[in-house]
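No hydrogens, no waters, no symmetry mates; every other heavy atom, side chains included, goes into these values. Predicted, not measured: the structure shown is a model, and the values here were computed from it.
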Amino acid sequence: MDSTQKISHLALDIGGTLIKLVYFSANGDYSEESRNGCSVVHGKLCFAKFETRKIDDCLEFIRFNILHHSVNGFLQHPILDSKSAEVVTQTETTSADVEPGMGGNDSGVQHPNGEALDKLYVKATGGGAFKFADLFKEKLGILFDKEDEMHSLVGGVNFLLKTVPREAFTYLDGQKEFVKIDHNDLYPYLLVNIGSGVSMIKVDGDGKYERISGTSLGGGTFLGLGKLLTKCKSFDELLELSHHGNNRVIDMLVGDIYGGTDYSKIGLSSTAIASSFGKAISDGKELEDYQPEDVARSLLRMISNNIGQIAYLNALRFGLKRIFFGGFFIRGLEYTMDTISVAVHFWSRGEAKAMFLRHEGFLGALGAFTSYNNQSHNDLKPHHHTVQRAILNCSVEICVYHSSFVDEEGITKACGCPLLPLKSHIKGPAPISEQDKTDIVDEAITFFRANVFFTNFDIKSPADKLLIYLTFYINVALKRLEGCRTLAVGTKAIINLGLEDIPVPGETGFPFPGLFSLPQSQEEADLFRNYLKQVREETSGRLLSVAYRANGTPNKWWLAFAKRKFINVVVL
């Protein structure tokens, strides 16, 4: 993470399955201007999520990547102006700049001048805002300013629909179409939020809503039954497994009952599902006889169909034509969206449409974020920030920090990897970079404590592949440094690591099969191996300078990461 980055206005939605975070981040260059007598800083909204059962990961992320960069006390008081399509945040000028790991008392953070802050309030919603309030206070010194869950969900959706262009879209028969939202004709609509369970909310205006129905068969059902029926341990793993399955192996179709024909009299095609998991009745098979991907597919289809049908029936009760689906159950998965859309289309005979949201999983957290506008403290010194609407036009979640080296002109490649310049005196094939410029090793070390938390990495450029490799290598190096109580002992461990064989793509032991292309010749393999050797040695040297303090003792805020694993790769 850029050391100049300013983090502010953290909001959390802590559900039964997932924890969702939204926070404001000022641009690294901290461009500032004056507007209407206010100091304006441009930035972006950032999104992250964690499994609730792994709440310690969330606590570490906040400690290392938010509190540590909240250098001007930015964790309070946003003001949002959706009419002008901007987010204006008003913050206290005192600071929450902390050394990672501080906590365990009422303050948990300190002002730069060393004075303890009495209170650090953060907006939070969801059942976990009550369940885990004491944990966040104890570990981070954070106090929750709790917001009503339904109110936050509605506030988040209204904000997105009024503020973010190309937010809502339909998905049917493989076609994704963005929907233009008429702000003067937005209400009423039905919001179907699919979390662990499902809530269906009739929204009539800003702050005007009513929960009209719901179902206990939601994302928690999918994950819970999926874990019992397959060996999957996480939601994403189960979704990925379902992508490769065939539900027709397990589901009883109309055609199975009617000899392969449609039941046209009542409008049912032969491929319509008559009974989810119905074939298991007569197949005479045990669970282990079915492929887990088919089980996952059938389970996903069953729950998605059920939600789509119940949603339409509730929309029909109130004459609602627009149905917005949100929640992390969907995850932008085409099959899920298509199943829900088909259900709504079928039961409404084409009169109603299912619509989805690009920021579907962060509705509650966004609503809590916008609620800072309603808070006021007489002792705050106003300082304003603006998030432009264009900044909000971003991906569903910002999980990782990417390499800035996207210009490949004149850069030699080996195995599809750019051999980027290094600020290094170590012998090797890397071009020499200017000492005052950031190189890929700087980026890998700077971003490590944020990127290591995530299991997915959306590659934006070939340089990201090298960043992934170095993030993994830093993880390996920290594992070797674990238990090394002095810099001298740690240096010896790193030297020994450098003496080990370095595999290249296609060889046993290379950590990321498929990340890089296979070498087309022995010369290319040797070139890439020598570059990896050089960049690893350079990374090791710089890592020692942050893993150990000036007096040679371990820096626990770095060595603590030896216990983590990057992209689910276990470091042995």
> Are any of the side-chain heavy atoms of L363 and L160 separated by less than 4.5 Å?
Replying inline: yes
>> Please check this pair: side chain of T553 against backbone of R549, looking for a donor-acceptor N/O pair closer than 3.5 Å.
In response: no
> Quick one: which of F222, F50, F362 gives a ring pair (Phe, Tyr, Trp, His ring centres under 6.0 Å) with F328?
Replying inline: F362
> Counting N and O atoms only, with roles assigned by atom type, does the side chain of E167 sit under 3.5 Å from a partner on the main chain of H359, one being a donor and the other an acceptor?
Replying inline: yes
> Can you find a pair of side-chain heavy atoms, one from V546 and one from N555, that are under 4.5 Å apart?
Replying inline: no
> Going through the checks in order, is the side chain to side chain contact (heavy atoms under 4.5 Å, CB included) test met by Y469 and I440?
Replying inline: CA-CA 11 Å; Y469 181 89; I440 188 67; over 6 Å; no
>> As a quick check of understanding, evaluate side chain to side chain contact (heavy atoms under 4.5 Å, CB included) for L466 and Y531, giving each step before the final call.
In response: CA-CA 11 Å; L466 184 56; Y531 181 76; 3.6 Å; yes
>> As a quick check of understanding, evaluate side chain to side chain contact (heavy atoms under 4.5 Å, CB included) for T52 and F132, giving each step before the final call.
In response: CA-CA 10 Å; T52 306; F132 298 110; 3.8 Å; yes
> How many angstroms lie between CZ in R358 and CZ in F356, if you round to the nearest 0.5 Å?
Replying inline: 15.0 Å
> For the residue pair L481 and G490, what are the closest heavy atoms and their distance?
Replying inline: CD2-O, 3.4 Å
>> What's the separation between atom NZ in K139 and atom CD1 in I62, rounded to the nearest 0.5 Å?
In response: 13.5 Å
> Residues in salt bridge (Lys or Arg N to Asp or Glu O under 4.0 Å) with E482, at least two apart?
Replying inline: K479, K563
>> Any non-hydrogen side-chain atom of L223 less than 4.5 Å from a side-chain atom of C232?
In response: no
> Donor-acceptor pair, Q534 side chain versus A430 backbone, under 3.5 Å?
Replying inline: yes
>> For C415, is there any backbone N or O sitting under 3.5 Å from a side-chain donor or acceptor partner on E524?
In response: yes
> F447 and S403: side chain to side chain contact (heavy atoms under 4.5 Å, CB included), yes or no, with the steps?
Replying inline: CA-CA 9 Å; F447 298 154; S403 174; over 6 Å; no
> To the nearest 0.5 Å, what is the distance between CG (L544) and OG1 (T491)?
Replying inline: 4.5 Å
Give the table of side-chain donor-acceptor pairs shorter than 3.5 Å for residues 13-21, with sequence neighbours excluded, one pair per line with atom names and distance.
| unit_1 | atom_1 | unit_2 | atom_2 | d |
| --- | --- | --- | --- | --- |
| T17 | OG1 | S196 | OG | 2.5 |
| K20 | NZ | L18 | O | 3.3 |

> Is the F472 ring parallel, tilted or perpendicular to the F512 ring (thresholds 30°, 60°)?
Replying inline: perpendicular
> Aromatic rings F510 and F528: how do their planes relate, parallel, tilted or perpendicular, breaks at 30° and 60°?
Replying inline: tilted
> Between E443 and S404, is there a donor-acceptor pair closer than 3.5 Å when you use the side chain of the first and the backbone of the second?
Replying inline: yes
>> Counting only heavy atoms from other residues, nucleotides and ligands, does the tally under 6.0 Å from CZ of R53 exceed 12?
In response: yes
> Who passes side-chain contact (heavy atoms from CB on, under 4.5 Å) against K533, sequence neighbours left out?
Replying inline: I502, E537
> Under 3.5 Å, is there a donor-acceptor pair linking the side chains of Q522 and D526?
Replying inline: yes
> Under 3.5 Å, is there a donor-acceptor pair between the side chain of E293 and the main chain of N246?
Replying inline: no
> Are L300 and L333 close enough that some pair of their side-chain heavy atoms sits under 4.5 Å apart?
Replying inline: yes
> How close do I194 and G219 get, heavy atom to heavy atom, and via which atoms?
Replying inline: CG2-N, 4.2 Å
> Is the side chain of S242 donor-acceptor paired with the backbone N or O of L239 at a distance under 3.5 Å, no angle test?
Replying inline: yes
> In terms of heavy-atom contacts, does CG of D501 have more than 12 from other residues, nucleotides or ligands at under 6.0 Å?
Replying inline: no
>> Tell me the closest heavy-atom pair linking P462 and K413, and the distance in Å.
In response: CG-NZ, 3.9 Å
> Is there a donor-acceptor pair closer than 3.5 Å between any side-chain N or O of T230 and the backbone N or O of P292?
Replying inline: no
>> Can you tell me how far apart OH (Y473) and CG (L532) are? Round to the nearest 0.5 Å.
In response: 11.0 Å
> Would one find more than 12 heavy atoms of other residues, nucleotides or ligands at under 6.0 Å from atom CD of Q175?
Replying inline: no
> Is atom CD of E507 surrounded by more than 12 heavy atoms (other residues, nucleotides or ligands) closer than 6.0 Å?
Replying inline: yes
> Is NZ or CZ of R297 both nearer than 6.0 Å to the six-membered ring centre of Y335 and within 45° of the ring axis?
Replying inline: yes
>> For I494 versus A477, what's the shortest heavy-atom pair and its separation?
In response: CD1-CB, 3.8 Å
> With sequence neighbours left out, what residues match F144 under ring-ring contact (aromatic ring centres under 6.0 Å, His included)?
Replying inline: F136
> Can you find a heavy atom in the side chain of L478 that is under 4.5 Å from one in the side chain of L543?
Replying inline: yes
> Say you draw a straight line from CG of L422 to CD1 of I432; how long is it, rounded to the nearest 0.5 Å?
Replying inline: 9.5 Å
>> Would you compute the distance between atom CD1 of I426 and atom CZ of R536 and round it to the nearest 0.5 angstrom?
In response: 12.0 Å
> Should we count NE2 of H243 as having more than 12 external heavy atoms under 6.0 Å?
Replying inline: no
> What residues, two or more places apart in sequence or in another chain, satisfy side-chain contact (heavy atoms from CB on, under 4.5 Å) together with D442?
Replying inline: K423, T438, D439, R542
>> Tell me whether the rings of F329 and F235 are parallel (<30°), tilted (30 to 60°) or perpendicular (>60°).
In response: perpendicular
> Any idea which heavy atoms bring P554 and R485 closest together, and the distance?
Replying inline: CD-O, 3.3 Å
> Please, which pairs that meet ring-ring contact (aromatic ring centres under 6.0 Å, His included) have at least one residue in residues 403-422, sequence neighbours excluded?
Replying inline: none
> Relative to each other, are the rings of H9 and F369 parallel, tilted or perpendicular (30° and 60° limits)?
Replying inline: perpendicular
> For F516 and C417, which heavy atoms make the closest approach, and how far apart are they?
Replying inline: CE2-CB, 3.4 Å
>> Would you say CG of L518 has more than 12 non-hydrogen atoms from neighbouring residues, nucleotides or ligands within 6.0 angstrom?
In response: yes
>> Does any part of the side chain of L470, heavy atoms only, come nearer than 4.5 Å to the side chain of F448, both counted from C-beta?
In response: no
